[in-house]
Structures are given as C-alpha cells and as structure tokens.
> 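One structure, as structure tokens, below. Some questions next.
To find a chain, count down the sequence lines: A is the first, B the second, and so on, and within it residues start at 1.
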Amino acid sequence: MLEKSFNPAEAEKRLYEAWESSGVFKPRAAKPTDTKADNYSIVIPPPNVTGSLHMGHALNNTLQDILVRFNRMRGKAVLWQPGTDHAGIATQMVVERKMAAEGGPQRKDMSREDFEARVWEWKAESGGNITQQLRRLGASCDWSREKFTLGDPTNPDDKMVEAVTKVFVEMYEQGLIYRDKRLVNWDPKFQTAISDLEVETKTVDGHYWHLRYPLADGVTYEHPITDEDGKVTGHETRGYIVVATSRPETMLGDTGVAVHPDDERYAGLVGKEVILPIVNRRIPIISDDYADPEKGSGAVKITPAHDFNDYDVGKRAGHTPINLLDESAHVLALEIIPEEYHGKSVKEARKMVVAAFDAAGLLQETEDLKIEQPVGDRSGVVIEPMLTDQWFVDAKTLAVDAIEAVDNGKTKFVPANWKKTYDNWMHDIQPWCISRQLWWGHQVPVWYGPKKIGSESKMLPALNNSMMFCCHSEDELKEAAAQYYSELTDRIVKIEIYTLDKLNKKIVGHEAGGADRDAAFPMYEFSGDELIISLYRDPDVLDTWFSSGLWPFSTLGWPENTEELERFYPGSVLVTAFDIIFFWVARMMMQGIHFMGEVPFKDVYIHALVLDEKGQKMSKSKGNVVNPLELIDTYGADALRFTMAAMAAQGRNVRLSTQRIEGYRNFGTKLWNAARFAEMNGCVSQADFDPSSCTQSVNQWIVSEAVTTVKDVTKFIEDYRFDAAADAAYKFAWGTYCDWYLELIKPIMGGEDGAAKTETQAATAWALDQILKLLHPFMPFITEELWANTAPSRDSKLIITAWPDLGDELINVDAADDINWLVRLISAIRSVRSEMNVPPSKKAPLLMLADALDPRLSKFADNLERMARVDGVEAASEAPKGALQTVVDGVGFAIPLEGLIDMDAEKARLSKEIAKVNAEIEKIDKKLGNEAFMAKAPEKVVSLQNERRAAFSAELEQLSEALANLA
RNA sequence: GCGCGAUUAGCUCAGCGGUAGAGCACUACAUUGACAUUGUAGGGGUCACUGGUUCAAUCCCAGUAUCGCGCACCA
C-alpha cells in the first residue's frame with residue numbers, strides 16, 4: 001500500500017544508494033552488435049574540488065542527468081564520467097587561508113613538498129563534498145570512474161599526470177609550447193601570471209593626469225591653440241610636450257614619447273628628446289602609428305614593461321623595457337630611480353609622482369574620468385602587466401582545426417548562435433600563458449641545466465642561457481642530459497637532479513623578482529674525473545585549464561589505448577554554461593582535435609545562467625544566493641530538477657522562483673495520488689497487456705494520447721528542448737491523465753461490466769507506467785518509488801527500463817474524436833453552469849436539440865451525469881423556456897433549470913457569445929472575399945477558412961435560436 | 001567600437017506566416033469522494049515602435065527605442 005504521500009527525505013537517499021550499489025550507473029556491457037551510435041557519453045564539467053553545489057551546478061547536472069537517464073533507458077551504453085578539478089589558484093587560496101586561520105606555519109615557511117602534502121590532506125577531508133551533493137541531486141554518474149584533474153597519487157593505474165606530461169612534452173617538441181619573455185597579466189596578490197581570460201575589467205573613478213615633459217637641448221615648437229570647435233586660432237611656443245596618463249607612476253620607466261607620423265603638430269619634434277622629469281633621463285620622441293592624434297594631446301608616453309600597447313611600440317622602436325615593479329607591485333630598487341621611490345606601492349608612487357610634477361610646475365591638468373581597471377577574477381586586485389619569462393601555447397595554430405571542426409559541423413553548438421561567439425574569439429586568439437607561479441598543480445616537466453661547459457665550476461645564476469630538457473620522466477631526463485653533456489666533455493658525466501622549494505622563485509627566471517638571486521647552487525662542478533651536472537626543474541605549474549582541456553580523453557585512460565576511449569570518445573554532448581566557452585570548451589576542442597585527431601564531443605549544449613527571482617546574478621556579496629541543497633531539503637530533488645528542466649528554455653537566463661518549485665513539488669504529489677487512486681481501484685501493471693487490444697473508447701483514447709506524448713517528449717529531449725519536453729510530460733500526466741482520464745473511468749470502475757473493468761484497470765496501470773517512464777529522467781526518485789510500489793512483482797528498476805516506443809498504429813482516431821468531443825461538451829456545460837451561477841447540486845436532464853439523440857450521448861451518459869452534473873440525456877426539438885443553453889460543434893444543448901437562471905444575465909451572455917462569433921465570421925468573410933487571397937493562398941488555407949466559416953455560422957445559428965428562445 | 005540576445009497577460013516566460021498560450025498571481029464557486037500540495041469556472045494581451053516583403057506579419061527583413069550580456073579599446 002502506498003503511503004499517503006511521498007517522503008523525499010527518506011526515499012531519495014535509499015533509492016540513490018540502491019541505484020549506485022547495483023551498478024546501474026556504469027555503462028552496460030558492450031554487445032557484439034553495438035555500433036558507435038549505441039554508445040552515449042558525457043563528461044561532467046568537473047566542479048572545483050573546493051566547491052559546493054550552487055544553482056549553476058544544479059541546472060547543469062540536472063540537464064546532463066536527463067540526457068543520461070533518457071539514453072540509458074533507450075538501451076544505449078551510457079557513460080557519465082564524473083570528477084573534480086584541482087583548481088590551482090582557488091584551492092591553494094582556500095588551504096592557505098585555512099592555514100592562516102589556524103595560525104600554524106604558513107606556506108612560505110614550508111617546503112613545496114610539505115605544502116602539497118597539506119593540500120592533499122585537505123582534499124581527503126573536504127574534497128568529496130561536491131560529489132556527495134551531486135548524488136543528492138540524483139546525478140547518475142559512474143562514480144567508480146571518478147577522476148581528479150591532478151590525478152590520484154595512490155593509484156598507480158591513474159594516468160591523469162601522465163596525460164598532462166605527454167601533452168606538454170609533445171607540444172613542446174612540436175613547437176606548440178614555448179618559453180618566452182613577454183608581457184603577461186600579473187596578479188600581485190597571488191604573485192603569479194594569469195591568462196587573459198582570468199582578467200576582468202572594472203570601471204572605477206580615476207583621473208587622467210596631463211604631464212609636461214620638457215624638451216631637451218632647449219628645443220621649442222609652435223603648438224596650435226584651438227577653440228571649442230577644434231578650429232586653430234593661434235599658436236604658442238612650447239618647450240615641453242604634453243602626455244596624458246591614468247598611470248603617472250609608470251613614467252619612471254618610460255623609454256620614449258610617441259607621436260603619429262602624420263601629426264603635423266609634432267612633425268618637427270620626431271628624433272628630438274625630452275628630459276624625463278624626476279629620473280632625469282633623456283628619452284626620444286618617436287613616430288609610431290599607435291599614437292592617435294585625436295586622443296589626448298596626440299602624444300603618448302611609452303612604458304614598454306607595463307603596458308601591452310607600449311610594449312609593441314617599444315619593440316618596434318628598439319627600446320629596452322624597464323621593469324619597474326616587483327612581484328607584489330612595489331617599485332624596484334633600481335639605480336635609475338630616486339631612492340625615495342624604492343619599495344613604494346603603485347599607489348604611493350603615483351601620489352609622489354603627481355606631487356613632484358605639480359611642484360615642478362609640470363602638471364598641466366588633472367581630469368576626473370571613469371577608467372577601466374583590470375582586476376584578477378580570483379584575487380580582485382589590480383592586475384599589472386609584467387615582463388616575465390612564461391610558458392605559452394601557440395593557440396593560433398591549434399585554433400585552425402578547432403574552427404574548421406565547428407564550421408563543417410563535426411561539433412555543433414546548441415543553440416547555434418554560440419558558434420559566432422566561439423568563432424570571434426578563436427579567430428582573434430592570443431598566445432595562451434599556461435605557467436603559474438603556484439605550487440598546487442601539474443609542475444612543468446622541464447629541467448634546466450648549463451648550456452655550455454667552461455673550464456671552471458660554475459654557479460647560478462646563468463639560467464637565462466640555460467639548456468632546457470623537456471622530458472616525460474626523470475629517467476628520460478637523465479638519459480637525455482647524459483647524452484648532451486657527454487658530447488661536451490671527456491669526463492665522466494654525473495647527473496644530479498635537484499628539487500627546489502623555498503628558493504624556487506629566486507632561481508628560475510622571474511625577473512620581476514629582481515636581481516637577488518641565490519648563487520649558492522652549482523650548475524656544474526668538476527670533481528676528479530667527473531663532471532657533476534646539476535639540473536633544476538622549472539618550479540611553475542600549469543594553468544588548471546591546461547589539464548581540464550584534456551578531460552574528454554584523459555578521463556578515459558589516455559594515453560593508454562583503453563576500451564573506454566574506443567567506446568566513449570568523442571563524447572555525445574558537452575553540457576555547459578556560456579561563461580566557460582573560452583576557458584574550457586575552446587581548449588578542449590583544440591587539445592582534443594590535436595591529440596585524438598577527432599573532436600571531443602559532437603554537440604555542445606549551452607545553457608543559461610541561473611539568476612535570482614529579480615534576474616540578478618547570484619553572488620555572496622549581494623546575499624541573494626539560493627542554496628540548492630536547502631531547496632532539495634524543502635521540496636525534494638525531483639521538484640528542483642523538474643523546475644530546472646521546465647525553465648531551461650534555449651537562449652534565456654533562468655530566473656529561479658521558489659513558487660515555481662513549489663508548483664512542481666505539487667505535481668509530484670498529484671502523481672503520487674493518481675497512483676494511489678490506481679492502487680485503490682486494483683489497477684496493477686500487467687506484463688502482457690496489449691494497448692491495441694482495448695475496446696473501451698476511453699482506454700483507446702488514453703493510449704492514443706500516450707502515443708503522441710511519447711513521441712513529443714522523445715523528440716524534445718533529442719533536440720535539447722528540455723522545457724518543452726517537461727511541459728509535454730506534465731500536461732499529459734496532469735491535464736490528460738489525472739484531470740480527464742481518471743475521472744472518465746470512474747463509472748467503469750464502479751460499474752457492473754467486469755470485462756470493461758478488467759481492461760480499464762490494466763489500461764490505467766499501463767498509462768501510469770508510461771507516465772513514470774516519461775517522467776523518470778526529470779523526476780527520478782518519485783517515479784522509481786512508484787514503479788516499485790505500484791507493481792511489486794516487477795523485478796527491474798525503472799532506471800533501466802526501456803523507454804516507451806509506441807507506434808502510430810496504436811492511435812485510434814475515432815475513439816480520440818469521441819472523447820475529445822465529450823471533453824468539449826462537458827467543458828461547455830460546466831462553463832455555462834458556472835457562469836450562470838448554477839449550484840453544482842442542482843441537476844437536470846441534458847437536452848440535445850435535435851430530432852434524434854446522438855448515440856454518443858447515451859454511450860457517455862454516465863460520464864456526463866458525473867462530470868457535467870446532468871440528470872440523464874434526451875433529445876428535444878427545442879429548448880424549454882428558461883433553460884440553460886450552449887452550443888458544441890454547431891449542435892445546441894439545453895439544460896432546463898427554470899427559475900435558477902437570471903434571464904437577463906443569460907441574454908447578456910448569449911449576446912456576448914454571438915458578438916464574438918460574428919466578429920470571427922466577419923474576419924473570415926473579409927478574407928474569403930479577397931480575390932488576392934483566393935488566388936494566391938494555398939488551397940489548404942482556403943478550405944480551412946471555409947470550414948471555420950461553416951462551424952462558426954452553425955454556432956451562430958444555434959446561439960441566435962437560443963437567444964430567441966429566451967424572448 | 002564589434003558582436004550576441006531580449007521586448008507577448010499583473011509577474012516569469014513559451015510559441016507561431018493564417019485561430020494568442022502556460023505556470024504563478026487574481027476573482028467566483030465547490031469542502032474532503034486519489035489528491036486543499038485539491039477541483040471547476042472566469043477575467044486579463046494594439047505580441048515595444050516605424051517602415052518593408054507577403055494574399056496574409058506577433059512571427060520574416062530593415063530601421064528606431066529601451067534593457068541585458070560578451071569582446072575589444074581607453075593617452
């Protein structure tokens with residue numbers, strides 16, 4: 001016996017554990033008949049291991065689970081590959097914060113190895129949160145295959161690290177990864193480089209300072225004076241040139257002033273020099289297209305080491321960039337900079353520079369402006385362009401195939417308009433900076449050693465000119481190094497590999513760190529007959545997205561040629577939000593195509609962001625974050641999932657409202673009660689029930705409706721129309737099955753006809769089964785629970801029950817017509833009764849205004865009596881005085897309820913109806929009277945209009961008669 | 001500056017070249033009959049604006065307005 005209601009809190013846990021332990025989340029075994037199309041796979045967008053489930057995850061994973069459960073039921077071998085992302089910066093930050101709170105030794109006090117151990121420890125404690133939360137949502141991932149982007153050090157079979165190393169080494173050898181000294185975005189808080197994508201721009205209040213740079217050697221020129229309209233009204237003699245900047249402190253590192261080659265104002269100054277105030281350096285005035293005569297004064301200061309555009313200008317002009325700042329964005333103690341600036345922060349230095357210009361009478365103007373400031377997406381601090389040695393991926397080259405794959409449809413975006421976003425970015429892609437100055441991540445598999453061997457032992461530093469060995473392992477490294485150095489010496493070569501921790505940054509190449517390198521490390525030493533070579537590993541780790549980009553194949557065991565790789569690559573679809581198209585989707589495309597020779601997934605379904613009820617992005621600072629776990633506690637996972645699906649219309653954001661979740665929770669209850677009704681009436685699923693064998697119209701009708709619904713829901717899910725699929729299933733379950741079918745069968749259930757009752761019991765159970773199957777991908781828990789309890793003898797779980805496949809031959813058009821007519825008739829009677837305020841308790845016979853009674857009326861008399869509250873059906877030539885009247889399909893009906901009806905109100909109601917119908921007829925007549933319409937509109941449209949015309953005029957006739965009757 | 005999207009009922013949103021839809025909210029009625037986490041009925045829309053294409057436009061095209069988003073630039 002079913003309980004009075006469904007208890008999600010109790011059932012969800014029990015059902016999930018039963019599923020997971022029974023192994024149904026694993027892909028079914030391969031069959032000899034399987035083709036590639038019989039396999040279905042999705043890789044989960046790996047949530048940060050530090051994360052906890054937010055609404056974005058809830059939406060993302062609900063949609064994936066719907067696809068996964070749907071395809072599993074359709075008999076495919078389904079793999080939903082789960083796992084988490086090591087999330088370099090985020091995780092290192094979380095652990096460091098925790099260590100700071102605990103007050104023990106901090107990262108900088110520890111060795112790299114100890115810190116890494118500490119993070120692993122943290123992961124063991126807290127890293128499983130998010131995966132537990134995904135289970136609560138009902139995600140049917142194959143947890144036995146769970147992966148971590150940083151690998152599993154305790155499992156020798158885990159290939160995640162090997163995959164990353166192999167990719168790096170091969171790309172290095174192919175020239176697709178290279179080390180370069182370039183300007184990168186530097187995060188002074190985390191003291192690491194970050195990629196372009198990790199930089200956000202924020203609008204803040206700022207200033208433009210217009211600074212005068214005095215011309216050297218007493219040079220002057222005539223500067224045009226303009227009026228408001230830009231007309232030149234005169235000239236003044238200037239011994240200086242004006243530059244404007246929002247970052248005056250960078251002038252300490254200026255290497256020149258640029259003007260446009262066509263700018264007549266400054267034409268005479270090109271080649272001359274200015275004396276850079278404060279530092280008293282002479283720097284040249286150069287001509288460069290970059291200078292825009294329309295902006296500011298037309299002259300622009302050039303600081304190659306701290307501005308991306310200036311860097312290019314400086315390069316063209318052959319200037320040597322001057323690095324001003326250290327890792328934490330404080331001014332370096334350089335000889336060319338006055339001492340009082342040393343060690344000052346950017347902000348302090350700015351104040352000092354402005355004050356100095358002001359004092360020297362060189363501050364022409366201070367302008368208040370909104371300026372766009374680059375900030376780190378994780379740290380929130382101002383990002384400084386810094387000139388450092390970093391590792392880069394040649395994304396431009398990789399992008400070529402990735403663009404083509406989408407162009408020729410190997411990978412399709414859904415909705416399709418995201419292709420444009422992808423294309424725009426891919427076509428303008430910049431080198432991808434992949435090195436991070438962190439400890440938590442995949443360490444760059446490159447070791448440095450001396451390039452040449454001199455006659456004396458040599459100590460660090462000399463790494464800028466060092467030999468790089470990029471190798472899969474230390475064994476391979478030793479071999480490669482031994483070979484290299486043997487060719488340089490007659491001595492016995494001995495290779496020593498050092499791991500560096502605390503001193504990492506000082507040793508390898510980050511010049512932003514300044515010159516204080518530790519010289520205590522040998523590069524090579526002579527010892528008797530031996531040459532001892534010291535090799536040091538690059539301390540940097542790789543951008544997290546570098547390893548996430550391999551996720552579609554690394555999780556399947558690559559570089560081993562595994563069975564899973566064969567079966568499940570490429571993935572069927574990737575489901576993700578648009579905000580990581582660049583971060584992740586683009587990188588997976590590039591790396592997947594390059595290493596697997598095939599796109600990583602066939603479809604990319606891009607879903608919306610989840611916003612709050614007001615359409616605001618959820619954020620902790622706004623305090624409008626809704627925790628999906630709390631919603632699951634309150635309403636159950638099924639309600640949350642159904643809401644997510646129902647709101648996931650393509651191309652829209654999802655505004656979450658608890659009201660809506662409540663509504664879908666009610667839907668679950670409705671379903672539960674329908675099942676209880678079925679149970680009470682002895683409707684038990686019959687294994688051998690044949691829906692085509694039904695003889696009762698109502699059963700034939702529900703079968704026909706089920707056929708249509710199954711077809712719709714199936715098509716909608718295939719097309720990623722989750723909202724439409726949910727809607728179709730919802731309408732069938734509630735609107736068709738509960739509201740009409742269950743009501744219509746009540747007379748049979750309480751009737752005498754045993755055969756009809758037996759058939760109807762089986763049909764009711766069958767239709768409920770179809771509903772449970774259709775709803776299972778959306779509401780897995782309640783449907784599985786009902787599946788088990790409505791037919792206890794069933795041995796298989798719903799989750800692996802075949803998706804319904806009903807043929808059109810099951811559609812019975814006559815039965816459907818009859819029942820649909822009955823539904824219209826009942827609705828019409830209910831409507832007039834309600835409008836005329838007839839109490840439900842008042843009953844009267846239903847009179848059909850015709851010579852003979854429509855046989856359907858007597859056939860469905862029981863239904864009419866019960867649902868339309870009439871008392872028998874009869875034919876009558878005309879409506880008696882004071883009867884309630886209505887028209888269905890051009891036939892008039894009357895219910896004699898004299899005395900209960902306000903005749904004036906009835907007259908008004910009928911007149912209103914007549915007016916409505918008249919208006920329609922008029923519209924149609926206008927169309928039919930239009931020659932152009934008759935000549936050019938398709939025949940189908942014309943005949944449809946004629947049919948409508950006939951129906952309306954029959955209705956009009958009946959209504960007019962009814963009105964006349966009242967008079 | 002480039003690009004994308006939106007504008008339909010009070011709210012949140014579907015939809016479609018020919019007949020305007022849902023959920024919620026609202027109003028009235030029903031009071032326990034599977035279900036009050038309910039049932040029945042009802043009111044409510046110049047489909048942002050202006051042109052164009054078409055026999056026919058809420059839908060297609062162009063433009064305008066407003067809102068939102070992404071990218072780039074920013075001396």
Side-chain angles (χ1 to χ4, degrees), chain A residues 2 4-6 196 201 208-211 242-247 257-258 290-292 294-302 307 309-310 367 369-372 415 417-418 420-421 423-425 428 578-579 581-582 609 611 613-615 617 635 639 643 646-647 649-657 659-660 662-681 721 723-724 727 730-731 735 738-739 742-743 746 826-827 830-835 837-841 867 869 920 923-924 927 930-938 940-942 944-945 948 952:
Chain A
L2 285 170
K4 190 134 174 51
S5 64
F6 178 60
D196 300 349
T201 40
Y208 279 156
W209 285 275
H210 296 248
L211 308 176
V242 175
V243 295
T245 178
S246 61
R247 306 207 43 193
V257 172
Y290 167 66
D292 182 347
E294 303 296 320
K295 282 185 188 161
S297 64
V300 56
K301 61 192 274 311
I302 300 298
D307 182 286
N309 291 306
D310 291 7
E367 204 181 335
L369 272 178
K370 298 271 181 208
I371 59 167
E372 304 291 320
N417 55 293
W418 289 109
K420 198 150 192 172
T421 304
D423 279 347
N424 285 349
W425 190 71
D428 191 34
F578 62 81
D579 52 349
I581 291 180
F582 306 143
L609 297 179
L611 308 175
E613 267 163 300
K614 292 175 194 138
K617 229 176 184 172
Y635 301 105
T643 309
M647 297 178 80
Q650 289 183 2
R652 281 263 198 177
N653 286 333
V654 172
R655 290 196 194 185
L656 187 79
S657 101
Q659 252 180 356
R660 194 127 183 213
E662 205 178 316
Y664 291 124
R665 188 267 322 265
N666 296 353
F667 175 50
T669 307
K670 186 76 182 174
L671 189 65
W672 187 265
N673 280 302
R676 285 181 69 215
F677 173 80
E679 183 183 56
M680 285 174 201
N681 285 282
R721 302 281 318 275
D723 58 326
D727 195 48
Y730 178 94
K731 282 195 168 117
C738 291
D739 286 350
L742 294 185
E743 294 301 327
K746 280 177 181 174
I826 292 170
S827 300
R830 282 171 169 176
S831 177
V832 283
R833 289 183 62 117
S834 167
E835 270 189 75
N837 289 316
V838 178
S841 54
M867 296 175 74
R869 307 195 73 85
E920 287 298 326
K923 255 162 80 182
I924 296 169
K927 251 184 199 173
N930 181 344
E931 273 173 42
F933 173 77
M934 297 304 282
K936 296 199 177 175
K940 240 173 126 180
V941 172
V942 176
L944 181 74
Q945 294 301 327
R948 290 185 65 222
F952 278 124

> Quote, to the nearest angstrom, the C1' distance that separates B:rG70 from B:rC59.
27 Å

> Counting C-beta onward and ignoring hydrogens, is there a side-chain heavy-atom pair between A:M934 and A:K927 closer than 4.5 Å?
no

> Would you please name every residue forming a salt bridge (Lys or Arg N to Asp or Glu O under 4.0 Å) with A:R247, sequence neighbours left out?
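For A:R247, the residues satisfying salt bridge (Lys or Arg N to Asp or Glu O under 4.0 Å) (neighbours in sequence not counted) are A:E249, A:E384.
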
> Provide the distance between the two P atoms, one in B:rA6 and one in B:rA48, to the nearest whole Å.
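The same atom, P, in both gives a distance of 12 Å.
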
> What stems, by residue range, does RNA chain B take part in, given at least 3 consecutive Watson-Crick or G-U pairs under 3.5 Å?
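When the pairs of RNA chain B are grouped into runs of at least three, the stems are B:1-7 with B:65-71, B:10-13 with B:21-24, B:26-30 with B:38-42, B:48-52 with B:60-64.
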
> Any side-chain heavy-atom pair from A:M867 and A:R830 closer than 4.5 angstrom?
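They are in side-chain contact.
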
> Closer than 3.5 angstrom, by distance alone: can the side chain of A:E679 be matched with the main-chain N or O of A:L2 as a donor-acceptor pair?
yes

> Tell me the interatomic distance from A:F582, atom CZ, to B:rC69, atom P, rounded to whole angstroms.
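It works out to 16 Å between those atoms.
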
> Looking only at atom C1', what distance separates B:rG39 and B:rU31, rounded to whole Å?
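Roughly 10 Å separates the two C1' atoms.
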
> Between B:rC74 atom P and A:D307 atom CG, what is the distance in whole Å?
7 Å

> Between the protein and nucleotides 66-68 of chain B, are there any N/O to N/O pairs under 3.5 Å, and if so, what are the atom names and distances?
none

> Under the salt bridge (Lys or Arg N to Asp or Glu O under 4.0 Å) test, which residues partner A:K731, sequence neighbours left out?
A:D727

> Please compare A:T245 and A:N417 by the position of their nearest nucleotide in RNA chain B and report the one closer to 5'.
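Looking at RNA chain B, the more 5' nearest nucleotide goes with A:N417.
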
> List in chain and number order the residues that pass salt bridge (Lys or Arg N to Asp or Glu O under 4.0 Å) with A:D292, two or more places apart in sequence or in another chain; answer none if no residue qualifies.
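Partners of A:D292 by the salt bridge (Lys or Arg N to Asp or Glu O under 4.0 Å) criterion come out as none, since no residue qualifies.
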
> What does A:Y290 touch in the nucleic acid at a heavy-atom separation under 4.0 angstrom: a base, only the sugar-phosphate, or nothing?
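Touches a base.
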
> Would you mind reporting whether A:F952 and A:I924 have side-chain heavy atoms less than 4.5 Å apart?
yes

> Whole angstrom is fine here: how far is it from CD in A:E931 over to P in B:rA56?
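Roughly 14 Å, once rounded to whole Å.
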
> Under 4.0 Å from OP1 or OP2 of B:rC4: is there any side-chain N or O of A:K420 that close?
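Yes.
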
> Restricting to non-hydrogen atoms, name the atom on A:S246 and the atom on A:W209 that form the minimum distance, rounded to 0.1 Å.
O-CZ3, 3.6 Å

> Suppose you measure atom C1' in B:rU66 against the same atom in B:rC24; what distance do you get, rounded to whole Å?
26 Å

> On RNA chain B, compare the nucleotides closest to A:D727 and A:A258; which residue's is nearer the 5' end?
A:D727

> So A:A724, base contact, sugar-phosphate only, or nothing? Heavy-atom distance under 4.0 Å.
nothing

> Do the side chains of A:V257 and A:V300 get nearer than 4.5 Å, heavy atoms only?
no

> Hey, could you give me the CG/CD1 distance between A:N309 and A:I302, rounded to the nearest 0.5 Å?
8.5 Å

> Could you give the CG-to-P distance, from A:D428 to B:rC71, as a whole number of Å?
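Computing the A:D428:CG to B:rC71:P distance gives 13 Å.
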
> Take atom P in B:rG45 and the same atom in B:rC11, then report the distance between them in whole Å.
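Nearest-Å result for B:rG45 against B:rC11 at atom P: 13 Å.
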
> Please write out each protein N/O paired with an N/O of nucleotides 9-11 of chain B under 3.5 Å, distance rounded to 0.1 Å.
none

> Between atom CH2 in A:W425 and atom P in B:rG70, what is the gap in whole Å?
16 Å

> Between C1' on B:rA75 and OH on A:Y208, what's the gap in Å once rounded to a whole number?
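Result: 7 Å.
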
> Identify every side-chain donor-acceptor pair in residues 662-669 of chain A under 3.5 Å, counting partners at least two apart or on other chains, and give the distances.
{"residue": "A:Y664", "atom": "OH", "partner": "A:R660", "partner atom": "NH2", "Å": "3.2"}
{"residue": "A:T669", "atom": "OG1", "partner": "A:R665", "partner atom": "O", "Å": "3.3"}

> Closest approach of A:V243 and A:K301, non-hydrogen atoms and distance?
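Where A:V243 meets A:K301 most closely, the heavy atoms are CG1-N, 3.8 Å.
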
> Can you list the residues that meet the side chain to side chain donor-acceptor pair (under 3.5 Å) rule with A:N930, with sequence neighbours excluded?
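Result, side chain to side chain donor-acceptor pair (under 3.5 Å) vs A:N930: none returned.
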
> Taking the C1' atom of each, how far is B:rA22 from B:rA14, in whole Å?
7 Å

> Just N and O in the side chain of A:Y664: are any of them under 4.0 Å from OP1 or OP2 of B:rA22?
no

> Rounded to the nearest Å, what distance is computed from the CE atom of residue A:M647 to the P atom of nucleotide B:rU12?
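Computing the A:M647:CE to B:rU12:P distance gives 11 Å.
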
> Tell me every residue that passes ring-ring contact (aromatic ring centres under 6.0 Å, His included) with A:Y635, counting only those two or more places apart in sequence or in another chain.
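Result, ring-ring contact (aromatic ring centres under 6.0 Å, His included) vs A:Y635: none returned.
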
> Kindly assign one of parallel, tilted or perpendicular to the pair A:F582 and A:W425, based on the angle between their ring planes and the thresholds 30° and 60°.
parallel

> Could you list the residues that satisfy salt bridge (Lys or Arg N to Asp or Glu O under 4.0 Å) with A:E920, not counting sequence neighbours?
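Per chain and number, A:E920 pairs via salt bridge (Lys or Arg N to Asp or Glu O under 4.0 Å) with A:R948.
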
> For nucleotides 16-21 of chain B, print each protein N/O atom paired with a nucleotide N/O atom at under 3.5 Å, atom names and distance only.
{"residue": "B:rG18", "atom": "O2'", "partner": "A:Q945", "partner atom": "NE2", "Å": "3.4"}
{"residue": "B:rU19", "atom": "OP1", "partner": "A:K927", "partner atom": "NZ", "Å": "3.3"}
{"residue": "B:rU19", "atom": "O4'", "partner": "A:R948", "partner atom": "NH2", "Å": "3.1"}

> Distance between the C1' atoms of B:rA57 and B:rG3, in whole angstroms?
27 Å

> Heavy-atom distance under 4.5 Å between the side chains of A:V942 and A:K940, does that happen here?
no

> Could you state the atom-to-atom distance from CD of A:E372 to C1' of B:rG1 in whole Å?
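Answer to the nearest Å: 13 Å.
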
> When you check every protein heavy atom under 4.0 Å of nucleotides 32-44 of chain B, what one-letter string (B, S, -) results, 5' to 3'?
--BB-BSSSSS--

